[in-house]
Amino acid sequence: MIYLDNAATTKMFEGGADIYKKYACQSFFNPSAGYNKSFEIAKELDGVRELIKKNLGATKGNVIFTSGATESNNLAIMGSKRNGKWEYVFSLGEHPSVYNVASALENQGYTVHFVGLLENGQIDYEELERVVNNRTRLISVMHVSNETGAINDLVKIDKIRREYCPQALLHIDGVQAFCKLPFNIEDFNADLYTISAHKFHGPKGVGALYVKNPSGLKNIIYGGGQEGGYRSGTENVPGIMAMKYAIENIDIIKNFQYVKELKDYFIKSIDNTEGVKYLKTESPYILSLSFYGVNGETLMRSLQDRNIYVGVGSACSTKKAGNRVLESMGMNIDEIKSHIRVSFSEELSLDDIKNACHEILDTYHKLLEKVK
Ligand code: PMP
């Protein structure tokens with residue numbers, strides 16, 4: 001199998017699965033119980049909070065464990081909302097776990113702005129500048145686009161925020177960036193930052209929200225008051241400890257350079273093929289392609305028969321004719337229909353990429369013959 005859908009999810013580290021088992025079957029204690037063994041677990045969880053902060057480059061703030069990025073994004077946005085004059089700003093490129101929360105806010109009567117995307121997949125900075133004002137409560141944008149691999153210039157966004165709406169909170173959906181890109185959160189002063197373990201070889205159903213100033217956040221679920229009251233419910237200790245294992249066993253710089261080689265090699269192999277177009281974006285982990293004349297989903301299914309797995313973008317795009325993110329970048333409907341997403345991991349070899357490109361082009365040409 002050649003798995004090229006690592007933006008959808010990654011394979012969990014075997015060592016992480018061993019750790020998971022240890023904390024599920026031996027050190028299984030509830031961190032909120034009152035005895036020594038539970039205190040030890042609570043202390044270990046605090047160690048993971050510090051590790052996440054260290055990896056973000058955060059010298060202050062806290063980390064709240066959640067069930068994944070969807071929950072972290074909901075908590076960041078719904079937990080930040082305030083009644084009254086306040087306005088909320090998002091981009092049209094956001095993942096549904098942000099975009100649909102924004103739409104829900106709008107339906108509840110809040111003032112919500114959706115900023116468009118540039119042709120390169122980044123947020124339209126000039127439009128952002130025009131939309132924010134002294135009523136802006138929150139700006140929520142993604143770090144890396146899960147659809148295109150575009151990296152938003154967060155330093156520039158923070159600059160706009162500080163100039164036009166210093167009172168606004170900045171939330172970053174960092175799912176496709178954390179443990180993949182080298183960065184320091186203090187360079188762009190994010191107030192809230194979302195991560196998800198299964199995107200970097202951790203388990204599914206585990207994530208976190210970094211919060212610079214927890215007192216600015218309100219809980220969205222009610223219960224026993226775990227996680228400082230910001231997220232009730234017994235913590236997923238085995239999952240969190242397996243996430244820790246993944247963080248500790250990823251070499252961000254080394255992987256970044258290696259995966260960049262894979263993406264460059266892929267591009268070189270398909271470039272100059274008639275009908276094939278790709279998007280030049282900054283993240284080495286994601287490549288967005290169009291194969292003119294062939295439906296992206298058909299291509300994806302045909303490749304699966306050859307044991308090659310690629311993505312066709314977010315679930316919303318497979319249900320509807322269009323794709324909000326790609327449309328916002330100005331892509332035409334033919335490009336969108338013939339679009340697939342290839343996403344890399346350091347576990348792939350150069351030979352995998354060579355074989356995948358050969359199979360993809362062969363499949364494309366055979367499908368083209370059929371539709372002629
Ligand atoms: N945000 C982005 C940018 C994503 O790529 C994803 C996963 N596709 C999510 C949020 C949702 O993550 P989770 O599966 O952890 O809920």
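Note that ligands are numbered from 1 as they come in the structure, with each ligand's atoms numbered from 1 the same way. Just so you know, residue 1 is the first one in the sequence shown, and it goes up from there. All heavy atoms count here, side chains included; hydrogens, waters and symmetry mates do not. A quick note: this is a predicted structure, and the numbers were derived from the prediction, not measured.
- Thr59 and Glu186 form a side-chain donor-acceptor contact under 3.5 Å, judged by distance and modelled atom types alone.
- Counted by atom type alone, Lys199 and Thr9 present zero donor-acceptor pairs between their side chains at under 3.5 Å.
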Between ligand 1 and the protein, which N/O pairs are shorter than 3.5 Å?
{"from": "ligand 1", "atom 1": "1 (N)", "to": "Asp173", "atom 2": "OD1", "distance (Å)": "3.4"}
{"from": "ligand 1", "atom 1": "1 (N)", "to": "Asp173", "atom 2": "OD2", "distance (Å)": "2.7"}
{"from": "ligand 1", "atom 1": "5 (O)", "to": "Gln176", "atom 2": "NE2", "distance (Å)": "2.8"}
{"from": "ligand 1", "atom 1": "8 (N)", "to": "His95", "atom 2": "NE2", "distance (Å)": "3.3"}
{"from": "ligand 1", "atom 1": "8 (N)", "to": "Lys199", "atom 2": "NZ", "distance (Å)": "2.7"}
{"from": "ligand 1", "atom 1": "14 (O)", "to": "His198", "atom 2": "NE2", "distance (Å)": "2.9"}
{"from": "ligand 1", "atom 1": "15 (O)", "to": "Ala69", "atom 2": "N", "distance (Å)": "2.9"}
{"from": "ligand 1", "atom 1": "15 (O)", "to": "Ser196", "atom 2": "OG", "distance (Å)": "2.6"}
{"from": "ligand 1", "atom 1": "16 (O)", "to": "Thr70", "atom 2": "N", "distance (Å)": "2.9"}
{"from": "ligand 1", "atom 1": "16 (O)", "to": "Thr70", "atom 2": "OG1", "distance (Å)": "2.6"}

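- The side-chain tip of Arg137 does not point at the ring of Tyr88 from less than 6.0 angstrom away and within 45° of straight on.
- You'll find the side chain of Leu209 stays beyond 4.5 Å of the side chain of Val63, heavy atoms only.
- Separation of the His339 and Tyr278 ring centroids does not fall under the 6.0 Å cut-off.
- Side-chain atoms of Asn134 and Gln167 include no donor-acceptor pair closer than 3.5 Å.
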